Amino acid sequence: QVQPVESGGGLVQAGGSLRLSCAASERTFSRPWMGWFRQAPGKEREFVAAIMSNGRTDYADSVKGRFTISRDNAKNTVYLQMTSLKPEDTAVYYCAASKYLTAPRLDSRYDLWGQGTQVTVSS
């Protein structure tokens, strides 16, 4: 299957906003969960947010209230709207697709990954 493609990363100041996009094939997008993960230098990859095919969402505590995940089924695209950005949000953000109905926070459940997009938040 074709891997998802992320876009929208960039450099922003603390407190700013950024919206990431993840374009997927129709087949990939039909999977139960689409998720966002991030990885900063020297750190493990961590879960950020995920959205189910029916619209159910799940967020990491560190981003809850600041980030919003959404999907546009007509465009086979998932978004991550990031607000009130902090320097600790700096990382490469990855979009991924899982074929499982459960445990969307576990990166091992995902087998289709994008190349990632860099988000840098300056202080």
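Remember, it's a predicted structure, so these values are computed and weren't measured experimentally.
Here the side chains of Phe67 and Leu85 are in contact, with some heavy-atom distance below 4.5 Å. In this structure, the side chains of Arg109 and Pro104 stay at 4.5 Å or more apart for every pair of heavy atoms. Between Arg45 and Val92, the closest side-chain pair of non-hydrogen atoms is not below 4.5 Å. The closest side-chain heavy-atom distance from Val119 to Arg38 is not below 4.5 Å. Two residues are said to be in side-chain contact when any heavy atoms from C-beta on lie closer than 4.5 Å; Pro4 and Leu112 meet this criterion.
Aromatic ring centres of Tyr94 and Tyr110: separated by at least 6.0 Å.
Atom CE of Met34 sits about 9.0 Å away from atom OG1 of Thr77, to the nearest 0.5 Å. Considering CE of Met52 and OG1 of Thr57, their distance stands at 11.5 Å, rounded to 0.5 Å. Here OG of Ser98 is found 14.5 Å from CZ of Arg105. Values are rounded to the nearest 0.5 Å. Here Phe47 contributes atom CZ and Tyr59 contributes atom OH; the two are 9.5 Å apart, rounded to the nearest 0.5 Å. Atom CG of Leu20 and atom CD of Glu6 lie 8.5 Å apart (nearest 0.5 Å). If you take OG on Ser21 and CD on Gln81, they are separated by 9.5 Å, rounding to the nearest 0.5 Å.
Gln39 contributes a side-chain N or O that, together with a main-chain N or O of Lys43, makes up a donor-acceptor pair within less than 3.5 Å. Within the 3.5 Å criterion, the main-chain N or O of Gly15 finds no donor-acceptor partner in the side chain of Ser84. For Arg27 (side chain) and Val2 (main-chain N/O), no donor-acceptor pair under 3.5 Å exists by modelled atom type.
Within a 6.0 Å sphere centred on CD of Glu88, other residues, nucleotides and ligands contribute more than 12 heavy atoms.
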Q) Can you list the steps and then say if Gln3 with Thr28 is a side-chain contact (heavy atoms from CB on, under 4.5 Å)? A) CA-CA 8 Å; Gln3 64 182 6; Thr28 297; over 6 Å; no

Q) Could you go step by step and tell me if Gln118 and Thr90 meet the side-chain contact (heavy atoms from CB on, under 4.5 Å) rule? A) CA-CA 8 Å; Gln118 177 71 48; Thr90 295; 4.0 Å; yes

Q) Given the rule in the side-chain contact (heavy atoms from CB on, under 4.5 Å) test, do Met82 and Val63 qualify, once you have shown the distances and angles that lead to the verdict? A) CA-CA 9 Å; Met82 306 183 293; Val63 306; over 6 Å; no

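For the pair Ala14 and Ser123, the tightest heavy-atom approach, listed with the atom from each and the gap, is CB-CA, 4.4 Å. For Pro32 against Leu101, the heavy-atom pair with the smallest separation is CB-CD2, 3.8 Å.
Two different hydrophobic clusters hold Val5 and Val78 under the rule that ILVMFWY side chains link at heavy-atom gaps under 4.5 Å. Cluster membership for Ile69 and Trp33, using ILVMFWY side-chain heavy atoms within less than 4.5 angstrom, is not shared.
Between Phe37 and Trp113, the two ring planes are tilted [angle within 30° to 60°].
Comment: Lys64 engages Asp61 in a salt bridge, judged by a side-chain N to carboxylate O separation of less than 4.0 angstrom.
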